[in-house]
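To keep things clear, I will list the structure first and then write my remarks on it.
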Amino acid sequence: MAPRCVPQCSKFKWRDLVELSGDRSEFSQLSVVAHIDVNAFFAQVEQLRLGLSKEDPLVCVQWSSIIAVSYSARKYGINRMDTLESALSKCEGLKVGHTAVFKKGQSDWSYIDYLPSPKDHKVSLDPYRRESRKIMRIFKLRCSKVEKASVDESFLDLGNVVFQKLLELFPVLKNSLDKSFDDYLPEIPEELPEGLDFKGEVIRCPETDDQDGLVLQDWDDIVMLLASMEAHDIRKQIEKALDYTTSCGIGRVKTIAKLASGLHKPDNQTIIRNCAIDNFLNTHFKFTDFWGIGPKTSGIIKQRLLVPEEDSIGYIKENFTQEELELKLKDPQLATRLYQLVRGLYQEAINTRIDIKSMGSNKNFRGKSVNSVKDLIDWLPVFVGDLIQRLTELDEEQPNCIRRPKTVAVHLWSWNGAYSKQCTVPKFMDLFKLKEVISHEAEHLIKTFASTFDNSPVSLFPLRSFSLNLTSFEVISSKESIDKFVSSSKRNREEHIDSLFKSLGENTKSKPKVEIEEPKNGNITTFLKTRSQVETVTIAASSEDPQACPQCGSHIPEEEMVTHKDWHYAMELQKQLETETQPNNQPLTDVNYPPTSRKKAKLDKNQTRLPFFK
DNA sequence: TACTCACAG
DNA sequence: GGCTGTGAGTA
């Protein structure tokens with residue numbers, strides 16, 4: 001049943017609404033963030049690769065341990081703790097997909113049709129990263145700001161797109177004249193426009209909702225409603241284009257959205273209105289569930305605050321002021337964070353471009369499989385190949401911002417201790433050259449290590465673990481146009497806010513201080529604005545116009561050309577995605593897969609298990 | 001630069 | 001629970 005509106009004086013000001021349209025919308029009082037995670041991601045990837053259906057119970061394995069369990073396999077009581085053997089005993093028809101692997105001595109990974117052994121193989125997570133990037137492309141098409149939290153999770157800032165919808169759907173917002181930033185917003189209307197309703201599961205608010213259903217009181221509730229519709233639509237697009245199901249949480253801040261996304265799995269979403277935050281946190285979670293509060297930190301908190309097992313969030317909220325938390329925890333940063341976390345008020349930035357800081361390739365060795373320098377050197381192509389491959393994909397993803405590592409480090413773990421050594425390398429643009437250098441330096445570092453053990457009573461071998469790391473990434477080339485974009489974009493956004501307010505009939509005297517952070521390259525900051533220009537200005541463009549877009553002919557202000565071209569790029573990508581997608585449930589044919597691996601990846605679709613389990 | 005720690009999935 | 005990955009702190 002559709003929610004009812006019970007209007008009351010709004011708590012929110014025009015400032016809050018306008019901030020929702022800016023590039024720091026996650027800090028607005030009306031902010032809304034979605035957390036989307038792909039259900040049993042590795043299992044879904046393997047299911048598609050093997051041409052199986054969602055109903056086929058499947059596990060993704062690495063050696064003989066299970067790293068992901070499809071939802072249909074969970075029905076048999078299989079979980080990640082099971083060994084492959086016990087999983088197979090629980091489910092007769094269980095399908096098994098092993099991760100792709102590197103073979104010792106080779107620099108590219110592939111899917112193989114036998115059970116690989118850790119003795120001469122290393123796991124490759126590359127296929128999952130590739131699928132992850134496809135999903136990210138869609139997210140980036142649909143909202144102005146996306147933060148990739150991990151290979152299968154992202155945060156989406158839905159503020160901008162909800163702002164747009166608010167203006168479209170509620171004339172009372174669009175037609176208000178002579179408002180200043182400090183005026184309160186009007187009450188919400190008594191009736192919602194036709195067709196508006198929450199999508200997904202809405203957590204109840206005991207104080208305001210009643211037996212007849214959900215009650216909307218203020219604009220933040222409507223923001224959540226619109227966000228739920230938008231998030232649902234984005235998730236359906238992912239499913240249509242790529243065939244992945246997802247779970248999603250929608251809330252005021254990242255931590256709330258993150259907790260919410262886990263509540264209704266798989267393939268559903270959960271909405272936390274601000275009025276429901278307390279009920280949501282208290283009935284479902286302990287303070288240890290917050291992202292970033294690990295075993296160590298929670299141990300300290302428990303000890304210093306004497307937190308009881310039950311109702312730990314309520315306990316912290318009700319018994320300590322922020323000052324008391326600082327006093328007890330002796331860690332002002334943690335105190336502030338905890339104070340805000342338990343109230344659902346911990347507003348964190350959504351980082352769109354997470355600049356890569358390091359990149360590593362590791363492997364643990366078993367027994368005496370690496371018992372000499374030669375054994376280790378034989379493995380080197382795998383580590384180097386892994387890293388170079390990932391650098392290649394990084395370049396492809398951001399062709400106008402090429403990054404290279406300054407240092408190469410090797411880490412070795414023997415049974416006697418851990419050792420590491422690093423050296424600087426030239427920042428070659430050419431990855432073939434860089435590959436040579438990294439191989440050479442890594443080999444040199446390993447040999448240096450080995451020689452220091454020559455006359456030592458302890459031995460480096462058999463080696464327990466090895467890792468090759470690239471660190472201190474620096475930008476070595478960024479296109480001139482991007483630089484221009486960066487320098488002009490701050491002004492752009494100020495103008496953006498100005499023009500918004502003109503459309504709102506703003507009196508510019510009380511213009512708010514909208515903090516403007518330094519921009520991210522290539523990001524579609526003014527996406528919506530640009531889009532509406534494309535739609536309305538197309539015909540006015542002349543072929544003589546030096547500021548005409550070469551692709552659509554629209555007249556585009558010089559400083560917006562980059563953004564505008566990004567938009568074209570995004571649309572092209574979308575087209576590409578749509579044509580790449582098969583209408584039936586066939587596995588995706590990934591044009592990016594190395595030809596060798598692709599051939600091997602094609603397994604018989606009628607096969608119920610990989611051959612080695614027959 | 002070398003090493004350790006914390007956290008996450 | 002083993003494995004893989006990332007970032008921060010410290011001397």
Side-chain angles (χ1 to χ4, degrees), chain A residues 35-45 60-69 79-84 86-87 98-102 109 116-119 121-129 132 147-155 247 254-255 258-259 261-262 265 288-301 331 333-334 337 351 354-367 382-383 386-387 390 394 405-414 416-425 441 445 448-449 452 464-473:
Chain A
H35 176 262
I36 300 185
D37 84 358
V38 190
N39 305 309
F41 181 44
F42 290 11
Q44 284 204 72
V45 173
C60 172
V61 298
Q62 151 180 342
W63 320 135
S64 56
S65 38
I66 293 172
I67 55 175
V69 184
N79 61 56
R80 280 182 49 178
M81 291 297 136
D82 281 301
T83 62
L84 185 50
S86 73
H98 196 285
T99 62
V101 288
F102 292 94
W109 54 264
S117 152
K119 210 181 96 229
H121 294 85
K122 168 173 157 48
V123 163
S124 169
L125 302 178
D126 234 50
Y128 312 122
R129 289 192 204 103
S132 179
E147 174 176 334
K148 183 172 181 155
S150 76
V151 73
D152 65 343
E153 293 176 41
S154 293
F155 290 99
S247 297
K254 278 160 73 174
T255 47
K258 162 87 179 160
L259 289 177
S261 69
K265 286 185 167 193
T288 47
D289 296 324
F290 289 117
W291 198 88
I293 306 285
K296 213 74 182 179
T297 315
S298 57
I300 294 171
I301 294 171
D331 179 344
Q333 267 191 323
L334 178 62
R337 181 153 64 110
N351 301 308
I354 331 109
D355 297 345
I356 186 146
K357 307 230 164 88
S358 72
M359 188 186 275
S361 181
N362 322 307
K363 175 161 174 66
N364 295 346
F365 300 112
R366 307 185 176 192
V382 169
F383 294 99
D386 187 9
L387 295 175
R390 282 157 65 185
L394 212 64
K406 205 168 71 181
T407 57
V408 172
V410 296
H411 292 254
L412 293 91
W413 286 265
S414 79
N416 305 310
Y419 314 92
S420 75
K421 228 180 227 320
Q422 65 188 58
C423 65
T424 56
V425 286
E441 293 295 349
L445 290 171
T448 310
F449 256 122
T452 64
R464 193 150 66 142
S465 179
F466 177 83
S467 110
L468 184 63
N469 290 63
L470 305 178
T471 57
S472 312
F473 274 77

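Bear in mind the structure is a predicted one, so any value in this text is a computation, not a measurement. Convention: sequence-line order gives letters A, B, ...; per-chain numbering from 1.
Qualifying side chain to side chain contact (heavy atoms under 4.5 Å, CB included) partners for A/Ser358, counting only residues two or more places apart in sequence or in other chains: A/Thr471. Considering only residues two or more places apart in sequence or on other chains, A/Arg464 meets the side chain to side chain contact (heavy atoms under 4.5 Å, CB included) condition with A/Trp413, A/Trp415. Residues passing the side chain to side chain donor-acceptor pair (under 3.5 Å) test with A/Ser261, sequence neighbours excluded: A/His35. Applying the salt bridge (charged side-chain N to carboxylate O under 4.0 Å, His left out) criterion to A/Arg129, with sequence neighbours excluded, gives A/Asp126. Residues satisfying the salt bridge (charged side-chain N to carboxylate O under 4.0 Å, His left out) criterion with A/Asp37, sequence neighbours excluded, are A/Lys265. By the side chain to side chain contact (heavy atoms under 4.5 Å, CB included) test, A/Val382 pairs with A/Phe102, A/Lys122, A/Trp379, sequence neighbours left out. Residues passing the side chain to side chain contact (heavy atoms under 4.5 Å, CB included) test with A/Ala100 are A/Trp109, A/Tyr111, A/Ser124, A/Pro127, sequence neighbours excluded.
Within 4.0 Å of A/Trp63, counting heavy atoms only, lies no atom of the nucleic acid at all. No contact: A/Phe41 has no heavy atom under 4.0 Å from any strand. Heavy atoms of A/Met359 sit under 4.0 angstrom from primed sugar atoms or phosphate atoms, though from no base atom.
Of the candidates C/dT4, B/dT1, B/dG9, the closest approach to any side-chain atom of A/Thr424 belongs to B/dT1. Minimum atom distance to the side chain of A/Ser65 is reached by C/dG1, of the listed C/dG7, B/dG9, C/dG1.
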For nucleotides 9-11 of chain C, tabulate all protein N/O to nucleotide N/O atom pairs closer than 3.5 Å, reporting atom names and distance.
none

Please enumerate all protein N or O atoms sitting under 3.5 Å from an N or O of nucleotides 4-6 of chain B, with distances to 0.1 Å.
none

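Across the protein-nucleic acid pair, A/Phe102 atom CZ and C/dC3 atom P stand 18 Å apart, rounded to whole Å.
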_side-chain contact (heavy atoms from CB on, under 4.5 Å) evaluation trace for A/Leu259 with A/Trp291_ = CA-CA 8 Å; A/Leu259 289 177; A/Trp291 198 88; over 6 Å; no
